[in-house]
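Treat the numbers as computed from the prediction; the structure is a model and nothing was measured. Computed from heavy atoms alone, side chains included, the values below leave out hydrogens, waters and symmetry copies.
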Amino acid sequence: MKKIEAIIKSFKLDEVRERLQQVGIEGMTVLEVRGFGRAGGKASIYPGAEYVVDFVPKVKLELVLPDELVHQAIEAILEVARTGHPGDGKIFVLPVEEAIRISTDERGHDAL
């Protein structure tokens, strides 16, 4: 099993969710997050003044998947979340040692 953490632009969330469902992803967790990358934030213009937004709002998707769905999920996220502009986000893939469904005590793939 693997955990995918994807940080994407907020306005892409619905499209990404729909595309993930099309490839068989049945669930995910979504968090509202703020951060910055190489650019260090972005400059914005407020009437009469320019200011820097240090932390840009994004959404973070967390999915725990069987190994056989990981590649499809990554490709789906890339396909839909990419705008071609800086700040499109990042995808991280991490190993998951165990998953346990609290209500039934199912473990491993059955818990997903």
Query raised in the report: In terms of side-chain geometry, is the basic nitrogen of Lys9 or Asp88 positioned less than 4.0 Å from the acidic oxygen of its partner?
Result: yes
Requested in this report: Determine the sole option in Leu94, Val64, Val70, Ile25 for which the side-chain contact (heavy atoms from CB on, under 4.5 Å) test with Ile4 is passed.
Outcome: Val70
Requested in this report: Could you tell me whether the side chain of Lys12 and the main chain of Val80 form a donor-acceptor pair under 3.5 Å?
Outcome: yes
Report summary line: Output for pair (Ile8 CD1, Thr83 OG1), nearest 0.5 Å, gives 11.0 Å
**Report entry** Co-membership, hydrophobic cluster, residues Val23 and Leu61, 4.5 Å side-chain
**Finding:** yes
Report task. Report whether Ile77 and Val30 are members of the same hydrophobic cluster (ILVMFWY, side-chain heavy atoms less than 4.5 Å apart, transitive linking). Result -> yes
Query raised in the report: Step by step, would you call Glu62 with Met28 a side-chain contact (heavy atoms from CB on, under 4.5 Å)?
Result: CA-CA 6 Å; Glu62 295 185 350; Met28 72 177 83; over 6 Å; no
Query - Hphob cluster co-occupancy, Leu65 + Val93, side-chain heavy atoms under 4.5 angstrom - result: yes
Query raised in the report: Atom NZ of Lys60 and atom CD1 of Ile7: how far apart are they, to the nearest 0.5 Å?
Result: 6.0 Å
Query raised in the report: Are His71 and Glu75 close enough, and set up right, to give a side-chain contact (heavy atoms from CB on, under 4.5 Å), and what steps lead you there?
Result: CA-CA 6 Å; His71 178 73; Glu75 291 304 313; 3.7 Å; yes
Query - Within 6.0 Å of CZ in Arg101, more than 12 heavy atoms from elsewhere - result: yes
Query raised in the report: What's the spacing between Ile91 CD1 and Leu63 CG if we round to 0.5 Å?
Result: 10.0 Å
Report summary line: In this structure, CD1 of Ile74 is separated from CG of Leu69 (nearest 0.5 Å) by 11.0 Å
Query raised in the report: Which distance, rounded to the nearest 0.5 Å, do you find between the CD1 of Ile100 and the CG of Leu112?
Result: 11.5 Å
Query raised in the report: Within the distance-only criterion (no hydrogens, no angle test), does the side chain of Glu32 pair as donor or acceptor with the backbone N or O of Lys58 below 3.5 angstrom?
Result: no
Report task. Of all the heavy-atom pairs spanning Gln72 and Glu68, show the shortest one and how long it is. Result -> OE1-O, 4.2 Å
Query raised in the report: Salt bridge or not for Glu15 and Arg17, using N-O below 4.0 Å?
Result: no
Query raised in the report: Does atom CD of Gln22 have more than 12 heavy-atom neighbours from other groups under 6.0 Å away?
Result: yes
Query raised in the report: Is there a side-chain contact (heavy atoms from CB on, under 4.5 Å) between Lys2 and Asp67 once you walk through the steps?
Result: CA-CA 6 Å; Lys2 299 281 191 284; Asp67 291 337; 3.3 Å; yes
Query raised in the report: Taking atom CZ of Arg19 and atom CG of Leu78, what is their separation to the nearest 0.5 Å?
Result: 11.5 Å
Report task. Assess whether side-chain contact (heavy atoms from CB on, under 4.5 Å) is satisfied between Val59 and Val33, documenting all intermediate values. Result -> CA-CA 5 Å; Val59 292; Val33 296; 5.8 Å; no
Query raised in the report: What are the two closest heavy atoms between Pro57 and Ser10, and how far apart are they?
Result: O-OG, 4.1 Å
Query raised in the report: Which heavy-atom pair separates Ala111 from Ala99 by the least distance, and what is that distance?
Result: CB-O, 3.5 Å
